[in-house]
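Step one of this worksheet: look at the structure below.
Letters go in sequence order (proteins before strands), and every chain restarts at 1.
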Amino acid sequence: MVKHLRKIIQIVWGVLTNIHIKGFFQGKIYTGPLKRFCVPGMNCYSCPGAIGACPIGALSSALTARNRKFPFYVLGFMITVGVLVGRFICGWLCVFGLLEELLYKIPTPKLHIPEKIDRPLRYLKYLVLVVLVIGLPLFYRDDYGSGLPFFCEFLCPVGTLEGGVPLVLLNDVLRPALGWLFRWKFLILILCVLSSVFIYRPFCKYLCPLGAFYALFQRVSVVKLKVDAAACVNCGACGKACGMNVDPHKTPNSTECIRCGECTKVCPKGALSFTAAGRELSPKKRKEPVKHENKAD
Amino acid sequence: MKQKNRPGAVTWILLFLAVCMLVYGAVSGQAEAVFTKAVKICMECIGLG
């Protein structure tokens, strides 16, 4: 049970935040009062089951509005979450991240991206955040004075998967509107799905602007990963277990760490633990390592 | 390896400012703007333009 605690939380959270089951049968989205609140992970608000708003969608919408104001509400929410837990959200409370992890479990040879290619690609998500989520929606205006949510419209595979595909399948009215844009976004979704079978969480590593935003707060967040330097024997087990290719004993609060906690499970000396405001959260130290798969390979 | 695990002043200041932004945004009607957008099917998000 505890071994699979994270998976259980990911699934329960995914179900709870997409619990408008009726929507999947009617091809309609939830319109109740909870849509005022953002969920912390990527979760398209046009998903028929979604009961909350996607923070990236809400931010894009605020920036593209004709009578736009500084988005205090959405940014305040995103910074609060980032400062409290950093990318813990990616590891524990993101539905798309869960899907990517499940796809990676399909038994196929896994692709190891060489570091000289992987490292620069990691910066792509910051570019997506700065250019597609903030820059272009802020500065581009059409003849009517409205902007375009570039990330949501041209890149986001979450919207296609959670909103586009079910709504198009369930809603006859929407089907005639399918065009090149849907085909483009569907292609991106297929690429994300296929690459997730061979690469651990490729969207999170290379493209997700929300992960990039939370990563900015990783080093100052209240929740942190702690290394007990006196207990660490530099065996490298934590680095081998890390699907995000982080070396937790060297950089425990790396911007790439999604705080999934796999490293804390495999450390033979119990040298890694989570802390909140300096207080330890993880269970007491173990002497024997837990068997694990090498996700990075 | 020296590691600082206790959050410093930057963390608490950022958290305070973020909560202030969130509350100010909510009371100034921005939560309603999020609601208005989120209760309509977002054609851009689902790829229908």
Side-chain angles (χ1 to χ4, degrees), chain A residues 29-33 35-38 44-46 50 52-54 57-58 61-62 65 69 71-80 82-84 148-149 152-153 156 159-160 163-164 167-168 174 177-179 181-186 217 220-222 224 226-227 229 232 250 252 275 277-278, chain B:
Chain A
I29 63 169
Y30 169 74
T31 56
K35 276 273 174 90
R36 279 174 183 81
F37 305 104
C38 292
C44 185
Y45 47 41
S46 290
C54 170
S61 163
K69 292 169 188 159
F72 285 105
Y73 179 67
V74 184
L75 269 184
F77 172 80
M78 289 166 65
I79 298 172
T80 302
V83 173
L84 284 176
L148 270 183
C152 303
E153 183 157 351
C156 182
T160 316
L167 285 174
V168 163
L174 294 176
L178 293 182
L181 185 58
F182 188 83
R183 286 195 287 275
W184 164 250
K185 286 197 70 182
F186 194 72
F217 303 96
V220 295
S221 65
V222 174
K224 281 197 170 87
K226 176 189 156 194
V227 185
C232 177
K250 287 182 190 156
T275 61
Chain B
M1 171 185 354
K2 191 85 178 163
Q3 195 193 342
K4 196 179 154 197
N5 289 301
R6 202 167 280 280
V10 175
T11 302
W12 300 119
I13 291 168
L14 269 174
L15 189 59
F16 174 74
L17 290 176
V19 173
C20 288
M21 283 168 68
L22 176 64
V23 173
Y24 174 76
V27 297
S28 65
Q30 292 187 2
E32 289 313 298
V34 168
F35 176 75
T36 308
K37 174 75 182 170
V39 295
K40 291 180 197 138
I41 291 177
C42 169
M43 300 305 254
E44 297 95 339
C45 306
I46 67 169
L48 297 183

Among the listed options A:Pro71, A:Gly57, A:Ser221, A:Gly52, the residue most often paired with chain B at heavy-atom distances under 4.5 Å: A:Pro71
Chain B contact via A:Ile29 - side chain, backbone, both or neither, heavy atoms under 4.5 Å: side chain
Residue, of B:Ala38, B:Pro7, B:Gly25, that accumulates the most heavy atom pairs under 4.5 Å with chain A: B:Ala38
Between A:Tyr45, A:Trp184, A:Phe37, the one whose heavy-atom pairs under 4.5 Å with chain B are most numerous: A:Tyr45
A:Leu178, part contacting chain B, at a heavy-atom distance under 4.5 Å: both
Contact leader toward chain B among A:Leu174, A:Leu84, A:Thr160, where contacts are heavy-atom pairs under 4.5 Å: A:Leu174
Region of A:Phe217 in contact with chain B, defined by heavy-atom distances below 4.5 Å: side chain
Side chain, backbone, both or neither of A:Phe77 within contact of chain B (heavy atoms, under 4.5 Å): both
Euclidean distance, B:Glu44 CD relative to A:Leu148 CG, rounded to 0.5 Å: 7.0 Å
Beyond-backbone contact of B:Thr11 with A:Val83, side-chain heavy atoms, under 4.5 angstrom: yes
Heavy-atom pairs under 4.5 Å with chain B, option from A:Arg36, A:Arg183, A:Met78 with the top count: A:Arg36
Nearest heavy atoms of A:Val227 and A:Cys232, plus distance in Å: CG1-CB, 4.3 Å
Chain B contacts, top residue of A:Gly163, A:Gly32, A:Ser46 (heavy-atom pairs, under 4.5 Å): A:Ser46
Approximate separation, where rounding is to 0.5 Å, of B:Leu17 CG and A:Thr80 OG1: 10.0 Å
Interchain contact, B:Val19 with chain A, by part (heavy-atom threshold 4.5 Å): both
Where A:Leu75 and B:Met21 come nearest, the two heavy atoms and their spacing: CB-CE, 3.7 Å
Option that, when pairs with chain B are counted at under 4.5 Å, heavy atom only, ranks first among A:Pro149, A:Ala58, A:Cys156: A:Pro149
Pairwise distance OH(A:Tyr30) to NZ(A:Lys35) - rounded to 0.5 angstrom: 8.0 Å
Pairwise distance CZ(A:Phe72) to CG(B:Leu22) - rounded to 0.5 angstrom: 12.0 Å
A:Cys44 side chain reached by A:Cys54 side chain, heavy atoms, under 4.5 Å: no
Engaged part of B:Ala33 at the chain A interface, taking heavy atoms whose separation is under 4.5 Å: neither
A:Ala277 portion near chain B, given a 4.5 angstrom heavy-atom threshold: both
Interatomic spacing from SG in A:Cys152 to CD1 in B:Ile46 - rounded to 0.5 Å: 12.0 Å
Heavy-atom contact with chain B under 4.5 Å, split by part of A:Lys185: side chain
Spacing of B:Ile41 atom CD1 and A:Leu167 atom CG [to the nearest 0.5 Å]: 4.5 Å
